[in-house]
Structures are given as C-alpha cells and as structure tokens.
Colleague: 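Okay, here's the structure, questions in a sec.
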Amino acid sequence: MSLYEIEVLNNKGQPVSLKEYEGKVLLIVNTATGCGFTPQYEGLENLYEKYHEQGFEILDFPCNQFFHQAPGSDEEIHQFCTLKYNTKFPRFKKIEVNGKNESPLYTFLKSQKKGNIKWNFTKFLINREGEVIARFAPTDKPEKFAKDIEALL
C-alpha cells in the first residue's frame, strides 16, 4: 500500500484522498488541545507559513487516546487551534493512532517507522514521493527539524 491510496476524513467528516497531497513534502502529526505539547502548534504554524509556498503541508490529526487530552468535537478543536494559535494548515477528524480502531494512515506510518505512538505530537516527515523519511518524538520541537524539511523541498 502507498500513502496516496489512503483516505481520511476532514474535520467536517468528508472523505479526503491523500492523493491530493502527492508531490508535496508532508508533516503528519497526531495532536491534542489539552496536552503539555499543545504550544507546539505555534512552531508548527511557523513552519507552515515559512515553507507552504514551496510545497510543504502539515496534516493535523487530533487524537484523544492519551489521557483524553483532545476533548470536544472536531469543530471545537478546530476553533481552539485557529483562535489560540492562528493555525491555517489542514485539520482532520479526530482519530485513533494505536489499537484495534487505529486509522489506516497510522498503520501505514508505523509500518514505515516502527513502534506504537507513545504520545501526542509524534511527527512523521514524508518526502515528495510519499516515503516516510523521519519520525520525531513529541518532545522534538518543530524548529528542530526545519533543516530536514528544507532538505526535502
């Protein structure tokens, strides 16, 4: 299976084929609005603003699996992120990243860079060919891997 064969749901519940992102450099992140790492939204938005015009996208997947740190509806999460952090990158429907109900997207990502997701704000960097190039821990701040993004652009 290829990344571009996977379909996800946007935050309105409508299907989106990841084929729409073919040829772009992607950063896929499982997020939460009530997590100690939530302020990373600011760094993520800075990366998005800096590199978006060069073909960079951040795909935000809220996840409530870790101590219910992403409460609220998809709309409430979207409003929180846009109002508090002024995020403009695409946000998708809340998902599970581990276990029997995990998203096929995360099954794919974890097959490329091994291991369960341990916490929110785990980040996967994808090149323009849809290959998972790197996996960054929740503690890795977005500024830390700006050079990795630049290298792919």
Colleague: Under 30°, 30 to 60°, or over 60°: which ring-plane class applies to F56 and Y51, parallel, tilted or perpendicular?
Modeller: perpendicular
Colleague: Using side-chain heavy atoms (C-beta onward) and a distance below 4.5 Å, is I126 in contact with L109?
Modeller: yes
Colleague: List the atom of Y4, the atom of E22, and the distance in Å for their closest heavy-atom pair.
Modeller: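 Where Y4 meets E22 most closely, the heavy atoms are CE2-CA, 3.3 Å.
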Colleague: Do V132 and F92 sit in one hydrophobic cluster, given that two such residues count as connected whenever their side-chain heavy atoms are within less than 4.5 Å of each other, even indirectly?
Modeller: yes
Colleague: With under 30° as parallel and over 60° as perpendicular, where do the rings of Y106 and F124 fit, or are they tilted in between?
Modeller: perpendicular
Colleague: Taking atom CD of E75 as the centre, report whether more than 12 heavy atoms of other residues, nucleotides or ligands fall under 6.0 Å from it.
Modeller: yes
Colleague: Quick one: closest heavy-atom pair of A32 and C63, and the distance?
Modeller: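 Heavy atoms only, the tightest pair is CB-O, 4.1 Å.
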Colleague: State which residue, out of K12, Q79, R91, K93, fulfils the side-chain hydrogen bond (donor to acceptor under 3.5 Å, both in side chains) condition with D74.
Modeller: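 Running side-chain hydrogen bond (donor to acceptor under 3.5 Å, both in side chains) over K12, Q79, R91, K93 with D74 returns exactly one hit, K93.
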Colleague: Can you tell me how far the OG atom of S73 sits from the NZ atom of K94, to the nearest 0.5 Å?
Modeller: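 These two atoms lie 7.5 Å from each other.
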Colleague: Do you know which of L27, L26, I28 makes side chain to side chain contact (heavy atoms under 4.5 Å, CB included) with L125?
Modeller: L27
Colleague: Report the C-alpha distance between E102 and T107 in whole Å, list the side-chain angles of each, state the deciding distance to 0.1 Å, and finish with yes or no for side chain to side chain donor-acceptor pair (under 3.5 Å).
Modeller: CA-CA 7 Å; E102 79 182 22; T107 302; 2.6 Å; yes
Colleague: Starting at CG of L47, measure out to CD of E143 and round the result to the nearest 0.5 Å.
Modeller: 7.0 Å
Colleague: Please lay out, stage by stage, how V16 and V8 fare under the test side chain to side chain contact (heavy atoms under 4.5 Å, CB included).
Modeller: CA-CA 5 Å; V16 175; V8 294; 4.2 Å; yes
Colleague: Apply side chain to side chain contact (heavy atoms under 4.5 Å, CB included) to the pair E42 and E45, showing each step before the final yes or no.
Modeller: CA-CA 5 Å; E42 185 176 341; E45 181 59 28; 6.0 Å; no
Colleague: Return the CD to OG1 distance between E76 and T33, rounded to the nearest 0.5 Å.
Modeller: 9.5 Å
Colleague: Say you draw a straight line from CD of Q112 to CZ of R135; how long is it, rounded to the nearest 0.5 Å?
Modeller: 12.0 Å
Colleague: Apply side chain to side chain contact (heavy atoms under 4.5 Å, CB included) to the pair Q69 and F37, showing each step before the final yes or no.
Modeller: CA-CA 10 Å; Q69 293 184 337; F37 299 118; over 6 Å; no
Colleague: Taking I58 as the starting point, is it possible to reach I77 by hopping between hydrophobic residues whose side chains are less than 4.5 Å apart?
Modeller: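 No; I58 is not reachable from I77 via cluster members.
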Colleague: Could you tell me if the side chain of L152 sits less than 4.5 Å from the side chain of R128, heavy atoms only?
Modeller: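 In short, these two side chains do not touch, never coming nearer than 4.5 Å.
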Colleague: Is the Y41-F121 ring centre distance short of 6.0 angstrom?
Modeller: yes
Colleague: Between atom CD of E96 and atom CG of N101, what is the distance when rounded to the nearest 0.5 Å?
Modeller: 4.5 Å
Colleague: Would you say the side chain of Q40 lies within less than 4.5 Å of the side chain of K123, judging by non-hydrogen atoms?
Modeller: yes
Colleague: Can you find a heavy atom in the side chain of K118 that is under 4.5 Å from one in the side chain of P138?
Modeller: no
Colleague: Determine whether L9 and Y21 fall in the same hydrophobic cluster, where Ile, Leu, Val, Met, Phe, Trp and Tyr are linked whenever their side-chain heavy atoms lie under 4.5 Å apart.
Modeller: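 Different clusters.
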Colleague: Could you check whether any side-chain N or O of K19 sits under 3.5 Å from a backbone N or O of E5, counting only pairs where one atom can act as donor and the other as acceptor?
Modeller: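 Checked: no pair found.
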Colleague: So which atom in L153 and which in Q54 form the shortest heavy-atom distance, rounded to 0.1 Å?
Modeller: CD2-O, 3.4 Å
Colleague: L83 and F89: same hydrophobic cluster, using ILVMFWY side-chain contacts below 4.5 Å?
Modeller: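 Looking at the clustering, F89 is in a separate group from L83.
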Colleague: Nearest 0.5 Å, please: how far is OG1 in T38 from CG in N120?
Modeller: 7.5 Å
Colleague: Any idea which heavy atoms bring V97 and Q65 closest together, and the distance?
Modeller: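 Residues V97 and Q65, closest heavy atoms: N-OE1, 2.6 Å.
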Colleague: Under a 4.5 Å side-chain heavy-atom rule over Ile, Leu, Val, Met, Phe, Trp and Tyr, are Y85 and Y48 clustered together?
Modeller: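 Yes, same cluster.
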Colleague: Do you know which two heavy atoms are closest between C35 and P39, and how far apart they sit?
Modeller: O-CD, 4.1 Å
Colleague: Is there a donor-acceptor pair closer than 3.5 Å between any side-chain N or O of N64 and the backbone N or O of A70?
Modeller: yes
Colleague: Between L3 and L18, which heavy-atom pair has the shortest distance, and what is it?
Modeller: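 Looking at all heavy atoms of both residues, the closest pair is O-CB, 3.6 Å.
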Colleague: Atom NZ of residue position K144 - does it have more than 12 heavy atoms of other residues, nucleotides or ligands inside 6.0 Å?
Modeller: no
